[in-house]
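For reference, the structure discussed in these notes is given below.
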Number of protein chains: 2
Amino acid sequence: MFFCYIYRMKKKYTIKDIAELAGVSKGTVDRVIHKRGKVSEKAFADVSRILAEIDYKPNLIARNLKNNKIYTLCVLIPDYNLDQYWLSCKEGIKSVKQEYASFDIVIKTLLYHSKDVDSFLQKSNEVLDLKPDGVLMVPSFQKESDTIINLFANQNIVVSIFNNNITNDKIFNFVGQDLIKSGRIAAKLFDLILGEGKIAVLYIGANYKNATYFHEKEKGFRAYIKSTQTKISSTTLTFSTENLESEFLSFLKNNPDIKGLFVTNSKTYMVAELLEKHHIKNLKLIGYDLLDKNITHLKNNTIQFLIHQNAKHQIYLGLTNLIEHFMFSKTTPKNNLLPINIINSENLSSYTQKEISYS
Amino acid sequence: MFFCYIYRMKKKYTIKDIAELAGVSKGTVDRVIHKRGKVSEKAFADVSRILAEIDYKPNLIARNLKNNKIYTLCVLIPDYNLDQYWLSCKEGIKSVKQEYASFDIVIKTLLYHSKDVDSFLQKSNEVLDLKPDGVLMVPSFQKESDTIINLFANQNIVVSIFNNNITNDKIFNFVGQDLIKSGRIAAKLFDLILGEGKIAVLYIGANYKNATYFHEKEKGFRAYIKSTQTKISSTTLTFSTENLESEFLSFLKNNPDIKGLFVTNSKTYMVAELLEKHHIKNLKLIGYDLLDKNITHLKNNTIQFLIHQNAKHQIYLGLTNLIEHFMFSKTTPKNNLLPINIINSENLSSYTQKEISYS
DNA sequence: CTGAGGTATGTGTTCGAGCACATTTTTTGT
DNA sequence: ACAAAAAATGTGCTCGAACACATACCTCAG
């Protein structure tokens, strides 16, 4: 009955098996498992004992088949047509859609303008109208995100966030990186390749509301310098994208002792372009993210290292965590901190190649 | 019928739906889908047309429930009690077991002595006796592995390999890293942190049969030097673990111009220990794998970088690829080349932390 | 002592795919 | 033209969990 003799393996116990063992019907077992009541104390005790004894695990395949529900998920992120950083999210969503093509899962993407609160609020309301089972969002605007997340929670929508974290106990799951560590890593890399010297920490195009996101990285950078006996020192600057060229060049002129540049976001290529244009050599440059333009400068050695935040993997994990939660009641860690990848010109391709020879 | 109006979403088409659309019974649709024959040309064409039209995707949950089979997998790897490198595989297997605890999957682990062909052959035969559905193995001995893989294939056992690759067209799936790239990465790192100087490439405990494994890395290392206008140069050495101390010290004495050491396997800590014991400073050390002992020396800066081969993730992927293949007929790339992670003392923790706060 | 009203327990159907078996239709040979 | 064989098609049950519904059991009031 419970043994498959050909393979000499135990097959999993089913509700029917348990019913027989306990001398009751499968209906009663079901009521005990789901604590639906309407069960005598004796029956409850008997069945519970057996469940514990055999360490019963329900067949999730069967459960899911019965549930047979269409799950709707919404992705609420900054418009990837406006900032290349978010473009990889598009691929991440595509991967998930492909992987779960055979299941009844619908994913709707809503893009907001990452610097426009109104667009964020408008798209949030569209999400509410769609009445999804879950939402995966980037909480760009701290205060507004908090309000919206509470609204979602009130509608019994499960909310996960990624990229940057905010504190709200309604959040199901966060996927991202430890930004302080991220900054420390940059400092360590400068320490290793320079040994000593002054490094400029740069914010570019920093009219973002979530400046905390960048501050954390700088905090980590400084913390490393403070906690080790390194001969590295740092200074912090903010540039708008518009006046970058003139401001940056005059900064370099006034600070000839600068040995390295740490750009705290994906706009690293902008600095690289300036260095190349003005033939500035011997400045080490470390920045973020595998945008096409960054990759070009990494390959020709204007950029020494890129720290990979892997937005694609973040959104992928955020979505699959939600799906597995709905489909198989899988538990996931509340905080999902991803590895921080150090990329140089040589290991780059091992991160960017998609799929290798199916046949 | 096909629309769930509450959510205004299309539900997936079922075999029954297709049968109605084509004006045949679900049995006929089934025969068309599985190309079992016994279908008239007209019916075949009609059903095929509709299948293509609606892009039918079978419900894998239902398919799997019906199949309802216990899948047995064997893991055939070097004994992780004898070489710490393989220890992380134990955790990888554990993760997979936990993740698939609710499914009828049995995983049996067989450990062979990584330097003893006879033990490898004996364990291989034990695998054959177990008649598993699939095997995930490390093909330590090239010739013997090839033979065994053919034997497995003859018994209709699906074979995947990981860690190191061999050419055999019966292999279902390979998971590992590009070793040539791996060597290039080490060279690039020396290039960045040294700028110039001579580097010793070391094989330690190299009475392995699969020396190709290490040769590839050296090949990559040299290739980098050759392809760039770097001022780095290299020399290659082999040490046994027994005479390491005396041989290594005399090598250093005779070669005072050595600026860096590249250990091509996880025995990096042995070199680190010697450097510390004899107070040798100013030698940059790069090696492989996050063994406890390596980590200690990475943290106190005797080792500058470790390249992470992530055996745990390799075995995890190898196993899940097999399981998803059996359970959901999922296709996987034949070659699964994993990213090559560069680890220093600062991003280390982002790779080693397991799970973060479930509650 | 009987039936209402509650609780406890059992039964039967559903989900979608897959496959064995039953039934119908077509083809073939005499 | 008709039976027999072959091919095509249809039917119905199974997998395990979930849940609606049916039935059995018990208690207490009238």
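Numbered from 1 within each chain, the chains take letters A, B, ... in sequence-line order.
Between the side chains of A:E20 and A:Y13, no donor-acceptor pair is found at a separation under 3.5 Å. If you check the side chains of A:T14 and A:D17, you find a donor sitting under 3.5 Å from an acceptor.
Applying the 4.0 Å criterion to OP1 and OP2 of D:dA17, one finds that A:Y13 has every side-chain N and O outside that range. Proximity of B:H34 to the phosphate of C:dG18: a side-chain N or O atom is located under 4.0 Å from OP1 or OP2. For A:T14, no side-chain nitrogen or oxygen approaches OP1 or OP2 of D:dC15 to under 4.0 Å. For the pair B:S25 and D:dG10, the criterion of a side-chain N or O lying under 4.0 Å from OP1 or OP2 is met. Phosphate contact (OP1/OP2 of C:dC15, side-chain N/O of A:N64, threshold under 4.0 Å): absent. Phosphate proximity of D:dG16 to B:N68: present, with a side-chain N or O under 4.0 Å from OP1 or OP2. Regarding contacts with the backbone of D:dA7, every side-chain N or O of B:S40 stays at 4.0 angstrom or more from both OP1 and OP2. For A:T28, a side-chain nitrogen or oxygen approaches OP1 or OP2 of C:dG10 to under 4.0 Å. Contact between the side-chain N/O atoms of A:R63 and the OP1/OP2 oxygens of D:dG16 is not found at any separation under 4.0 Å.
Rounded to an integer number of Å, the gap from CD of B:E20 to C1' of D:dG10 is 14 Å. Per the geometry, CG belonging to B:L51 stands 11 Å off P belonging to C:dA17, to the nearest Å. Going from atom CD1 of A:I61 over to atom C1' of D:dT14 covers 16 Å, rounded to whole Å. Across the protein-nucleic acid pair, A:M327 atom CE and D:dA17 atom C1' stand 15 Å apart, rounded to whole Å. Summarising the geometry, the separation between NZ on B:K69 and P on D:dG16 is reported as 14 Å, rounded to the nearest angstrom. Rounded to a whole Å, the NZ atom of A:K16 is 21 Å from the P atom of C:dT9. In this structure, B:K38 atom NZ and C:dT23 atom C1' are separated by 14 Å, rounded to whole Å. Between B:R36 atom CZ and D:dA8 atom P there is a gap of 15 Å when expressed in whole angstrom units.
Nucleic acid contact for A:I15: sugar-phosphate only, since backbone atoms but no base atoms lie under 4.0 Å from a heavy atom of the residue. Note on B:Y56: only backbone sugar-phosphate atoms sit closer than 4.0 angstrom, heavy atoms only; bases stay farther off. Within the 4.0 angstrom heavy-atom criterion, only backbone atoms of the sugar-phosphate kind lie near A:N59; the bases stay farther away.
No hydrogens or angles were tested; on distance alone, a donor-acceptor pair under 3.5 Å links the side chain of B:K26 to the base of C:dG18. Side-chain atoms of B:R31 come within donor-acceptor range of the base of D:dG10, with a qualifying N/O pair under 3.5 Å.
In summary, B:E91 and B:K94 do not engage in a salt bridge, as defined by a charged side-chain N under 4.0 Å from a carboxylate O. Note on A:D46 versus A:K42: salt bridge recorded, some NZ/NE/NH1/NH2 to OD/OE distance being below 4.0 Å.
Using bins of under 30°, 30° to 60° and over 60° for the plane-to-plane angle, the ring pair A:H313/A:Y316 lands in the parallel bin.
In this structure, of C:dG18, D:dG16, C:dG10, it is C:dG18 that holds the atom nearest to the side chain of B:D30. For A:V39, the side-chain atoms get nearest to C:dT9 when compared with the rest of C:dG18, C:dT9, D:dC19.
Of the possible donor and acceptor atoms, one in the side chain of B:D133 sits under 3.5 Å from a partner among the backbone N and O of B:T72.
DNA chain D is contacted by both B:K66 and B:G23; B:G23 maps to the nucleotide lying nearer its 5′ end (nearest heavy atom per residue).
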